[in-house]
Structure formats: structure tokens, C-alpha cells
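Numbers restart at 1 for each chain; the letters A, B, ... are given by sequence-line order, proteins then strands.
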Protein chains: 2
Amino acid sequence: MDGRRARGEKKRRAIVEATLRVIERDGVAGVTHRSVAREAGVPTTAPTYYFATLDDLLIATLVQAAEETCEEMLGTVARGGTAREIAAMLAKAVNENRGRTLAEYELYLLAGRRPELRAAARRWLDLAVEAMRPADPVAFRALLAAVDGLLIQGLIADVAPNEDELEPIVSFLICGRDDSTAPARGQ
Amino acid sequence: MDGRRARGEKKRRAIVEATLRVIERDGVAGVTHRSVAREAGVPTTAPTYYFATLDDLLIATLVQAAEETCEEMLGTVARGGTAREIAAMLAKAVNENRGRTLAEYELYLLAGRRPELRAAARRWLDLAVEAMRPADPVAFRALLAAVDGLLIQGLIADVAPNEDELEPIVSFLICGRDDSTAPARGQ
DNA sequence: CAACTACTTGAACAAGTGTTCCATAAGTTT
DNA sequence: AAACTTATGGAACACTTGTTCAAGTAGTTG
């Protein structure tokens, strides 16, 4: 093995992680070669060495962040989690993981303007539908939409909602008017 | 009256409108004194004369855009519009008014990081709740969340959904499991 | 007409930007 | 050890940025 390449890969990952921290703190607007390099503790030219352009770095970071979140989302939303489990995950997203969730929606917005990012931004939606194969697709799509809405509204609330406030709403969405066609059963 | 001030106000409005066009086209990232001035057909220093800082211009523009959209939203969502009416409005937002809707969510994201913008970003939500006084607040909040979710997901779809695709989802949300507590009656 | 006020605008500045370049260091292979 | 590849990092370039400034115009008021 080439030890140089191994350390290079490590540094590359460190740069991506630093970029994510910058996005979480200052948003996409705060991402510059210099701010990322400062955050990662590497010289200014390091990011350019590993990523052809700033845009590449930005996109690589947002896509990776989205994929990381994907698994957590699918673990609770898609696999027929209870309303409380889903509510707990949403509450965590708008409180402890606030910065990360904001980053997630920066990707959404970027994807709105750049078609090549759309697949990455939509990935959790596509995976959820594929994993669930819900009996009532309409109810399930309503749930998925509401999840995005609750998150983004939670981000602009004066005080972010907690699990207890979110739970009844999620519960309402999970137990549609006909329980037999609902995608999952809440508490 | 002072004709100078009148023309000044007109120019000020023209600058805000130009800024909105820039945001719709290139996003908040594309807003600079120079790009706005070019779009409005005024010299570079004109925006600085009317707005102390670029941030002031940006905020004034997004807040005004949000207030404009507010009325349209409330006219259909809040006043107990039918599912089809709501679906039609959503379809319009992600197709004809795509740029405007993207701008709306740029405000959301900015509000996520700047508390002073939150009231403006949340305005349509607050007004909707106040105007409706829904019998079932939980169902209504689910509907409002889903509206945001459907819009933002519509913006990152490969092909934006149309009225017919959105209508069943809205209908499902409006006629909850118990019609008597539903906020409004669909078709 | 003179004094005043509001608007207009080009030039300029310091700061920060993405990116290129190149000499050097460090590790790998022969 | 020599030849090579890969990684490193400082200096520099051309460019754009937000904002300031001062000189100018044109309306309003006394």
C-alpha cells in the first residue's frame, strides 16, 4: 500500500468534515477555501489539491452529509417506526442536530437550482418509498411531506418544538382515516 | 409634496424588485450591489444610497416577497379552500412561480440562522392559524407542514408535480380520519 | 435668485476571493 | 542510492466584493 495515498485520503476526509462544520456554523455562504482550510488546520491550498474546484468540495460535503442522515431517517421513518420514535427523531433534528438539519436544507435549495444535485437531495425520499412499499401511497407521501415541513418549520420557530409537541401531529399522519391502509401504526 | 422624494421612493422600489429578480434567478448568493444595480439599470452606488447595507436590501426584499405571497396563500389555504384549490395553488408555486418559491425558501433558510427574520418567515403560518381557528389544531398543523413539504419536495423533483398529482395528497390531509374535526372539506 | 435639500454617480480603496505555480519534502519502487 | 510519484505549502495573480467619498445635478423653499 501507498502510505502517502492513505494519509491523503485521511486529509481529504478531514477537509470534508471541516467543510461540514463550516456549513453548519455559517451556511454555504461561509464556505471558502480559506475558511475551510482554517477550520481543518491545513494550508490554504490543501482543499484545491483534493478538489478541483470549490463547488466540488461543497457538493461532495453536502451529498455526504445527506447520505449520513439518510440511514438515520430510514431507520425510523421507513421501517414502520412508531409515532413517538419518529417524533423523537424530528425533535433531535431541530435541536441537538440543528446545524446539520440546516445544512440538509441548504442542499435542498442548491438542488432546486442544480439538477445534478437532485438525486442526492431526494435520496431519502426515494429510499423510504422503496423500503416501505406502503399500502396507501397517498398517506405515505403526505407523511413524508409533513416530515420535511415539520423540520423546516421547526428550524424557524422561536423555540424549536420538542418530542411531545411533535408526537400528536406525527400520530395523526400515521393513523390515517382508515387504519388498515396506513403505512404504519402509531403507539 | 417633494417630487424628488417621490421619484426616490420609486427608484427604491425598483431596486427591491430587481433584487427579487436576481434572487429568483441566481439565489441569495447572486445578490451583490453590482448585480442588483445592473439588473435595475442604475449605477453601482444606487443601492447603497437607499439601503445602509447589502444585508438590509436582501432582508427588505425577502420580507416583501414573503408578504406578497402571504395573501395568496391565505386566500386559498386558510379560508377553507377545497383540496383542488389548494393543490392548484401548490402546483402553480412549483411550476410558474418556481423562482419565487425558491426565493421563499431562501428566506426560510436565512431565518434559520437569523432570529430577526423568523417572524417574517413564519408570518403565513401564524396568519393561517389565526384566520382559521381550526377545530382540530393537530390536523391543521399537519396540513401546514405538508404544504411546506410538498412545495420543497416539488422544487427538487426531476419534473415538478402538477395539480392532479398533488390533489389526492391534499385531499387526504384535509379529510382526516374524522371529518367533523377536519379543518376544511375537500372537493 | 439664493439657500437648501435630496438625489446621482464615477472613482477609488482595502479586503477577500478562487485558483495557479513552483520549489520542496516525503514516501515508494527499482 | 537513484528515479519516481505523491503530497505539501508559501507566494502571487487577477478579479470581485462592500463601502466610502466627494463632486455634481436637479428639484424645493424662502
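Taking 4.0 Å as the cut-off between side-chain N and carboxylate O, B:Arg122 and A:Asp158 count as a salt-bridged pair. One finds a salt bridge joining A:Arg114 and A:Asp55 here, because a Lys/Arg side-chain nitrogen approaches an Asp/Glu carboxylate oxygen to under 4.0 Å. Salt-bridge annotation for B:Glu163 and B:Lys92: absent, with no side-chain N of the basic residue lying under 4.0 Å from a carboxylate O of the acidic one. Contact check on B:Arg25 versus B:Glu39 returns a salt bridge, with a Lys/Arg side-chain nitrogen under 4.0 Å from an Asp/Glu carboxylate oxygen.
Residue order along DNA chain D, read from the 5' end via each residue's closest nucleotide, puts A:Arg34 first among B:Ser35 and A:Arg34. Between A:Arg4 and B:Thr44, the residue whose closest nucleotide on DNA chain D is further toward the 5' end is A:Arg4.
A cation-pi arrangement is absent between A:Arg133 and A:Phe140, since the terminal nitrogen or guanidinium carbon is not both under 6.0 Å from the aromatic centre and inside a 45° cone about the axis.
Atom C1' of nucleotide D:dT25 and atom OH of B:Tyr49 are separated by 12 Å, given to the nearest angstrom. Following rounding to the nearest Å, A:Asp2 (CG) and D:dC4 (P) show an atom-to-atom distance of 17 Å. At whole-Å resolution of the value, OH in A:Tyr50 and C1' in D:dG9 are 12 Å apart. Rounded to an integer number of Å, the gap from NZ of A:Lys10 to P of D:dA7 is 15 Å.
Within the 4.0 Å cut-off from OP1 or OP2 of D:dT20, not a single side-chain nitrogen or oxygen of B:Thr45 is found. An OP1 or OP2 oxygen of D:dT6 is reached within less than 4.0 angstrom by a side-chain nitrogen or oxygen of A:Arg5. At the phosphate of D:dT17, OP1 or OP2 sits under 4.0 Å from a side-chain N or O atom of B:Thr32.
Protein chain A touches strand DNA chain C; the 5'-most and 3'-most nucleotides with an atom under 4.0 angstrom of its non-hydrogen atoms are C:dT17 to C:dT28.
Scanning atom types as modelled, no donor and acceptor separated by under 3.5 angstrom connect the side chain of B:Arg7 and the base of D:dG27.
B:Thr32 and B:Ser35 are linked by a side-chain donor-acceptor pair at a separation below 3.5 angstrom, with hydrogens and angles left out of the test.
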